[in-house]
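As structure tokens, the structure follows; a few thoughts come after it.
The structure displayed is predicted, hence computed values, not measured ones.
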Amino acid sequence: MPSYSAPTKDLQFVLHDLLNVSQSDISGYSELDADFTSAILEEAGKIASEVTAPLNEVGDKEGCVLENGVVRTPTGFKDAFEKIKEGGWTALDCDPEYGGTGLPYLMSTAVGEMLSSANMAFNMYQGLTHGAYSAIHAHGSDEQKAKYLPNMVTCDWTGTMNLTEPHCGTDLGLMRTKAEPQDDGSYKISGQKIFISAGEHDMSDNIIHLVLAKIVGGPEGIKGVSLFIVPKFMVNDDGSLGARNGVAVGNIEEKMGIHGNSTCVMNYDEATGYLLGEEHKGMRAMFTMMNEARLGVGLQGYAQAEVAYQNALEYAKDRLQGRDVTGVKNPDGPADPLIVHPDIRRNLMEQKAFVEGARAFTLWGAQLIDQVHRSEDKDADGLISLMTPVIKGFLTDKGYEMATNAQQVYGGHGYIEEWGMSQFVRDARIAQIYEGANGVQALDLVGRKLAQDGGKHVMAFFDMIKTFISENEGDEDYEKAFLNPLKAASKDLQAAGMYFMQNGMKNPNNALSGSYDFMHMMGHVCLGLMWARMAKAAQAQLDAGASDTAFYETKIATGKYYMSRSLPATAMHLARIESGADTVMALDAENF
């Protein structure tokens, strides 16, 4: 069975050496000293490694079972969920007015990485609830917030998001679920939703569904979509549970991965619902939480890569296979361990450099979200909006790739279920698809985010890199290893943006056919920036006489790998972008 060890030391490095959280002027950050964050991360790490990780394989093998309209979760899930609730882990960054702890979103993100690595399917139950909580908190009336949020903060009641229908996914304007107004101000919701994560289960007393639907007689298309609160059980005025609402699970989807999460077909048969926010403004309400939701999915991508890497590393150290070409390393054994071989080292370094860079990128993104919510920083809002499709798309694409790389270290054993590596690959795959498939993320980045506010935010990003480089010149070794590669990659990214400006207007396909490459190019530049910053932070600790020299020297060496072996991919992506749309669009549809 695979194992998981929480990377608390590396999380602490990102929080304090890279982001300097306790020195930040963001409200609440001054409390995040190293001792405080260490206590939280260590305790969360124990929960992840000792409580939820042992259930990961159980959930994969047992899955969820639908019996007489009730979904039974895998063995041990209910008890583990109670421990998560009892520890207050569901309430970390929730509003204290409704029973939350009130910590920054950054800390919830750091804890979320560990819980997602340990058991992604299990962690989704509380993750979906947090998304529903955020939407109600942002758009609900005072009465709605008081009625639903306290029990959602504790996960005594869980939540869902109902968007997709059998005939429409991304194009939500095609949805058919309808809402008929009632005299008492409620609505009757009728329709079918699919792919609803945690749509029905046996771990909470009530499930609060957030459902997109069209009010009868409203505008056509996406402009007519509204958002509704539809509880599984009606909630009485005194907070007690009433009659069962007209919502039922029709089926559990048979999926490639995340078997421990109940992904449901949900049927609404004149279910009572309550408008959340304004009429016909459902997408606005849903998009309020998109930055957080998509950052959370990007986190899932690298979190699966992290746990897969941990196990591949242990296997590479233990498995004896062949001899080191430069000389025997294990003279007392019949062969040397796999890790002596350069191609295994390349594979492991690729994984390690990605995961650590992705962790820094994601936590920086979480810090930007805190800046937006706690400081009302409009520039931070623009920057995280720009970064969100990159965090989601790039990190989940590469996270899946790294999970398969980890599987490859095992050779044939990686393909055998008893070693558990295929679960990481299968679980990681969904992160590229849900919360907006990655092709859509690329289109959002190039089609909307680059031009947002007149291109202000992408130009601010380029200025951030330029300023960082100019402020840190002077050390020849650092310039060669980090600043020069970052400068070259940033120039590639700017050249791609210029190509879009010059060629996208006359033929939009020139931009759209290069959007996926641009998303990956920007992802590489972002990780390059993170690595340049981390190397500087690590060197500062070494210069200050830090006792754990091996940790900081390893950090610098890993960064050098990324800058020399991964970051040059920007040149390839630029060449593909500048080839234009002709080869992409050359065939007529019938010739494929």
Using a distance-only test with no angle check, is there a side-chain donor-acceptor pair under 3.5 angstrom linking [X] and [Y]?
X: Ser204; Y: Asn206; value: no
X: Asn347; Y: Gln408; value: no
X: His201; Y: Ser262; value: no
X: Glu417; Y: Ser422; value: yes
X: Glu62; Y: Thr75; value: yes
X: Gln371; Y: Arg374; value: no
X: Asn123; Y: Ser116; value: no
X: Tyr562; Y: His524; value: yes

Residue of the set [options] for which side chain to side chain contact (heavy atoms under 4.5 Å, CB included) holds with [X]:
X: Trp531; options: Ile556, Thr558, Leu486; value: Thr558
X: Ile194; options: Glu253, Glu165, Met266; value: Glu253
X: Val458; options: Leu493, Leu445, Leu386; value: Leu386

Quiz prompt | By side-chain hydrogen bond (donor to acceptor under 3.5 Å, both in side chains) - contacts of Tyr561 (at least two apart) | solution =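 Tyr561: side-chain hydrogen bond (donor to acceptor under 3.5 Å, both in side chains) contacts with Glu350.
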Quiz prompt | All side-chain hydrogen bond (donor to acceptor under 3.5 Å, both in side chains) counterparts of Asn151, not counting sequence neighbours | solution =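 Once residues adjacent in sequence are excluded, Asn151 has no partner under the side-chain hydrogen bond (donor to acceptor under 3.5 Å, both in side chains) criterion.
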Side chain proximity check, [X] to [Y], heavy atoms < 4.5 angstrom:
X: Leu527; Y: Leu395; value: yes
X: Trp157; Y: Pro150; value: no
X: Met387; Y: Cys526; value: yes
X: Ile207; Y: Thr160; value: yes

Quiz item: Which pairs with one or both residues in residues 385-398 pass salt bridge (charged side-chain N to carboxylate O under 4.0 Å, His left out), sequence neighbours excluded?
Solution: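 Qualifying pairs, neighbours excluded: Lys398-Glu401.
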Measure across [X] and [Y] and return the closest heavy-atom pair with its distance rounded to 0.1 Å.
X: Phe354; Y: Ala305; answer: CE2-CB, 4.2 Å
X: Tyr4; Y: Met114; answer: OH-CA, 3.3 Å
X: Leu19; Y: Arg533; answer: CD2-NH2, 4.3 Å
X: Met124; Y: Asn261; answer: CB-ND2, 3.4 Å
X: Gly357; Y: Met534; answer: CA-CE, 4.0 Å
X: Cys155; Y: Thr90; answer: SG-CG2, 3.7 Å

Taking the six-membered ring for Trp and the full ring for Phe, Tyr or His, determine whether the centres of [X] and [Y] are under 6.0 Å apart.
X: His373; Y: Tyr105; answer: no
X: Trp419; Y: Tyr315; answer: yes
X: Phe551; Y: Phe13; answer: yes
X: His520; Y: Tyr516; answer: yes
X: Tyr434; Y: Phe195; answer: no

So, [X] side chain and [Y] main chain: donor-acceptor pair closer than 3.5 Å or not?
X: Gln423; Y: Asn56; value: yes
X: Arg294; Y: Glu435; value: yes
X: Ser22; Y: Asp33; value: no
X: His259; Y: Gly63; value: no
X: Gln304; Y: Ala403; value: no
X: Asp95; Y: Tyr98; value: no
X: Asp377; Y: Ala380; value: yes
X: Asn162; Y: Val211; value: no

How long is the straight-line distance from [atom2] of [Y] back to [atom1] of [X], given to the nearest 0.5 Å?
X: Thr388; Y: Ile369; atom1: OG1; atom2: CD1; value: 6.0 Å
X: Met519; Y: Asp444; atom1: CE; atom2: CG; value: 10.5 Å
X: Met402; Y: Gln407; atom1: CE; atom2: CD; value: 13.5 Å
X: Leu276; Y: Leu227; atom1: CG; atom2: CG; value: 4.5 Å
X: Glu200; Y: Thr73; atom1: CD; atom2: OG1; value: 10.5 Å
X: Gln126; Y: Thr158; atom1: CD; atom2: OG1; value: 11.0 Å

Exercise. For the pair Lys61 and Glu57, evaluate salt bridge (Lys or Arg N to Asp or Glu O under 4.0 Å) and give the outcome as yes or no after the intermediate values.
Key: CA-CA 6 Å; Lys61 290 182 176 179; Glu57 186 177 16; 2.9 Å; yes
Show me the donor-acceptor pairs, under 3.5 Å and distance only, between side chains in residues 80-88 and residues at least two apart or in other chains.
unit_1 : atom_1 : unit_2 : atom_2 : d
Glu82  : OE2    : Lys85  : NZ     : 3.0
Lys85  : NZ     : Asp156 : OD1    : 3.1

Self-check item: side-chain contact (heavy atoms from CB on, under 4.5 Å) between Val265 and Ile196, intermediate numbers included
Solution: CA-CA 6 Å; Val265 175; Ile196 308 307; over 6 Å; no
Self-check item: CA sep, side-chain torsions, deciding dist, call: Thr164, Lys193, side-chain contact (heavy atoms from CB on, under 4.5 Å)
Solution: CA-CA 6 Å; Thr164 307; Lys193 297 291 185 176; over 6 Å; no
Quiz item: Can you list the steps and then say if Thr396 with Tyr302 is a side-chain contact (heavy atoms from CB on, under 4.5 Å)?
Solution: CA-CA 7 Å; Thr396 59; Tyr302 85 79; over 6 Å; no
Practice problem: Start with the C-alpha gap between Asp93 and Thr101, add the side-chain angles, then the distance that decides, and say whether side-chain contact (heavy atoms from CB on, under 4.5 Å) holds. | Solution: CA-CA 6 Å; Asp93 65 324; Thr101 307; over 6 Å; no
Quiz item: What residues, two or more places apart in sequence or in another chain, satisfy side chain to side chain contact (heavy atoms under 4.5 Å, CB included) together with Leu32?
Solution: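 Partners of Leu32 under the side chain to side chain contact (heavy atoms under 4.5 Å, CB included) test: Val21, Tyr29, Phe36, Thr37, Pro104, Met107.
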Quiz item: Would you find more than 12 non-hydrogen atoms of other residues, nucleotides or ligands less than 6.0 Å from Gln452 atom CD?
Solution: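 It does: Gln452 CD has more than 12 such atoms within range.
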Quiz item: Pairs in or reaching into residues 352-365: which pass side chain to side chain donor-acceptor pair (under 3.5 Å), with residues at least two apart or in two chains?
Solution: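 The answer is Asp10-Arg359, Glu113-Arg359, Glu306-Arg359, Lys352-Glu356, Glu356-Lys555.
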